[in-house]
Number of protein chains: 2
Amino acid sequence: MTTDICSELRFDKDKIEKIKTKLVPNVVVDGLADTFKVLSDPTRVKIVLALLGGELCVCEIAEVVGMSQSAISHQLRKLKDLRLVKRRKSAKMVYYSLDDDHIIQLLTECMGHVQEEFREPISMPLIENVK
Amino acid sequence: MTTDICSELRFDKDKIEKIKTKLVPNVVVDGLADTFKVLSDPTRVKIVLALLGGELCVCEIAEVVGMSQSAISHQLRKLKDLRLVKRRKSAKMVYYSLDDDHIIQLLTECMGHVQEEFREPISMPLIENVK
DNA sequence: GTTATATATGAACATATGTTCATATATGGA
DNA sequence: TCCATATATGAACATATGTTCATATATAAC
């Protein structure tokens with residue numbers, strides 16, 4: 001028997017099986033990936049950041065983000081499908097807001113990771129307001 | 001002057017400008033989106049989950065995740081480029097481990113969001129071990 | 001040196017994604 | 001009713017992405 005770990009585990013897979021039993025179900029893995037995916041686009045991140053300051057209607061979001069009404073509407077649908085945002089209708093307007101507090105925490109944690117790239121801390125007025 | 005908010009803000013953009021000044025720079029928005037993006041794939045999520053239990057070599061990860069060595073190697077590169085994992089070389093082997101604690105927090109927060117879809121809390125033995 | 005093993009990587013392929021454009025739906029005012 | 005406005009959506013397009021396959025690199029044993 002060699003000391004080669006990878007060759008060895010083809011015959012003795014105890015460690016592998018032990019880890020496998022601790023993994024979460026695929027449906028949960030997919031849920032995690034899908035949630036991260038909806039935040040993986042700069043336009044959608046900007047929308048979420050803008051909504052940290054409170055609810056906005058679609059055309060306000062379009063103005064803030066600097067993108068077309070159609071593009072924003074498509075992206076809001078994805079954010080809503082994954083329960084990142086919720087909406088409130090009033091007359092002709094539709095107001096969007098963040099759905100729950102996990103979103104803010106997710107952004108804050110991610111910011112902590114991104115921050116390590118930069119020399120100085122990043123100012124995040126909107127997140128600071130929420131805290 | 002109409003009460004229509006969207007028409008109105010074409011002439012009075014105070015609210016919009018105020019929010020715009022509070023947004024983070026584009027380079028940070030992209031950093032956030034890129035970090036979320038690297039976690040937006042089920043294979044990469046599984047890799048990170050597996051590494052919660054400690055460092056693993058490439059072929060061990062491939063076994064645990066159930067994907068080819070090549071596919072895992074490609075994904076590890078992306079995880080490493082975004083500083084989600086780091087690596088340690090030893091003889092022929094390369095051992096990967098999580099790069100910092102933000103990753104665990106990110107997963108935990110995201111799990112909190114995903115959990116709301118399900119009736120009962122999801123068991124996450126590996127994360128519980130880390131805590 | 002040669003051979004075997006562990007990992008990395010480029011090309012190719014199918015699939016997924018984001019925006020634009022045109023248009024549909026819905027609501028309010030005349 | 002008819003028109004204007006706010007939002008939603010389907011089709012089309014270009015671009016991005018994940019896996020496979022073949023192969024390159026690196027290290028160890030002989």
Side-chain angles (χ1 to χ4, degrees), chain A residues 1-11 16 29-30 33-34 36-48 55-82 85-97, chain B residues 1-11 16 29-30 33-34 36-48 55-82 85-97:
Chain A
M1 182 191 271
T2 167
T3 55
D4 187 312
I5 297 174
C6 274
S7 298
E8 190 174 339
L9 65 82
R10 293 203 187 96
F11 308 97
I16 302 305
V29 170
D30 290 344
D34 287 344
F36 285 125
K37 180 176 290 180
V38 83
L39 289 168
S40 72
D41 174 72
T43 300
R44 289 192 294 265
V45 170
K46 286 179 191 169
I47 292 174
V48 171
E55 70 171 15
L56 296 172
C57 70
V58 176
C59 64
E60 286 175 322
I61 298 171
E63 277 290 320
V64 170
V65 174
M67 206 139 300
S68 72
Q69 175 269 320
S70 178
I72 294 297
S73 200
H74 278 292
Q75 303 300 7
L76 282 170
R77 182 150 160 59
K78 298 193 178 187
L79 288 167
K80 186 170 162 294
D81 285 347
L82 273 292
V85 303
K86 60 192 174 193
R87 65 181 191 179
R88 176 178 72 83
K89 301 188 73 171
S90 172
K92 285 187 294 185
M93 326 293 293
V94 180
Y95 293 93
Y96 283 83
S97 55
Chain B
M1 183 194 269
T2 168
T3 56
D4 186 313
I5 297 175
C6 275
S7 297
E8 189 174 338
L9 65 82
R10 292 202 189 98
F11 308 98
I16 302 304
V29 170
D30 290 344
D34 287 343
F36 285 125
K37 179 176 290 179
V38 84
L39 288 169
S40 72
D41 174 71
T43 299
R44 290 192 293 265
V45 169
K46 285 178 191 170
I47 292 175
V48 172
E55 70 172 15
L56 296 171
C57 70
V58 176
C59 64
E60 286 174 322
I61 298 172
E63 278 290 320
V64 171
V65 173
M67 207 139 300
S68 73
Q69 175 270 320
S70 178
I72 294 297
S73 201
H74 277 293
Q75 302 301 8
L76 283 170
R77 182 151 161 57
K78 298 193 179 188
L79 287 167
K80 185 169 163 296
D81 285 347
L82 272 293
V85 303
K86 60 191 173 196
R87 66 182 191 177
R88 175 177 73 84
K89 300 187 73 171
S90 171
K92 285 187 295 185
M93 325 293 293
V94 180
Y95 294 94
Y96 284 83
S97 56

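Computed from heavy atoms alone, side chains included, the values below leave out hydrogens, waters and symmetry copies. A note on names: the letters A, B, ... follow the listed sequences, proteins ahead of strands, and every chain is numbered from 1.
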note: Met67(B), atom CE; dT20(D), atom C1'; distance rounded to Å ~ 12 Å
At under 4.0 Å between heavy atoms, what does Lys80(A) touch on the DNA or RNA strands: base, sugar-phosphate, or nothing? nothing
Lys92(A) atom NZ is separated from dA4(D) atom C1', nearest whole Å, by 7 Å
Note: for Ser90(A) and Ser68(A) on DNA chain C, the residue whose nearest nucleotide lies more 5' is Ser68(A)
request  = Remember a base hit wins even if backbone is also touched, and classify Ala71(B) as base, sugar-phosphate or nothing at under 4.0 Å, heavy atoms.
outcome  = base
Tyr96(B) atom OH is separated from dT7(C) atom P, nearest whole Å, by 9 Å
Should the heavy atoms of other residues, nucleotides or ligands under 6.0 Å from CZ of Arg77(A) be counted, would the total exceed 12?
no
Here the distance between atom C1' of dT17(D) and atom CZ of Phe36(A), to the nearest Å, is 18 Å
Closest non-hydrogen atoms of Pro42(A) and Val29(B), given as atom of the first, atom of the second and distance, are O-CG1, 3.6 Å
Tightest non-hydrogen contact, residues Met67(A) and Thr43(A), listed as SD-OG1, 3.5 Å
Ile47(A) atom CD1 is separated from dG18(C) atom P, nearest whole Å, by 11 Å
Between Ser97(A) and Glu55(A), the two heavy atoms sitting closest are CB-CB, 3.9 Å
For Ser40(B) and Lys37(A) the tightest heavy-atom approach is CB-CA, 3.3 Å
Distance below 4.0 Å between Arg87(B) side-chain N/O and dA8(C) OP1 or OP2: yes
Cys57(B) and Met93(B) have their tightest heavy-atom pair at SG-CE, 3.7 Å
Looking only at dT19(C), dT7(D), dA8(C), the nucleotide nearest the Gln69(A) side chain is dT7(D)
So, with a heavy-atom separation below 4.0 Å from DNA chain D, the residues of residues 72-79 of chain A are Ser73(A), His74(A), Arg77(A)
To the nearest 0.5 Å, atom CG of Asp41(A) lies from atom NZ of Lys78(A) at 8.0 Å
Testing dT9(C), dA6(D), dC21(C) for proximity to the side chain of Ser70(A), the answer is dC21(C)
Whole-Å distance, Leu82(B) CG to dT17(D) P, equals 11 Å
Separation of dT7(C) atom C1' from Tyr95(B) atom OH, nearest Å, is 13 Å
Closest to the side chain of Arg44(B), out of dT19(C), dA8(D), dG18(D), is dG18(D)
Atom NZ of Lys89(A) and atom P of dT7(D) are separated, to the nearest Å, by 10 Å
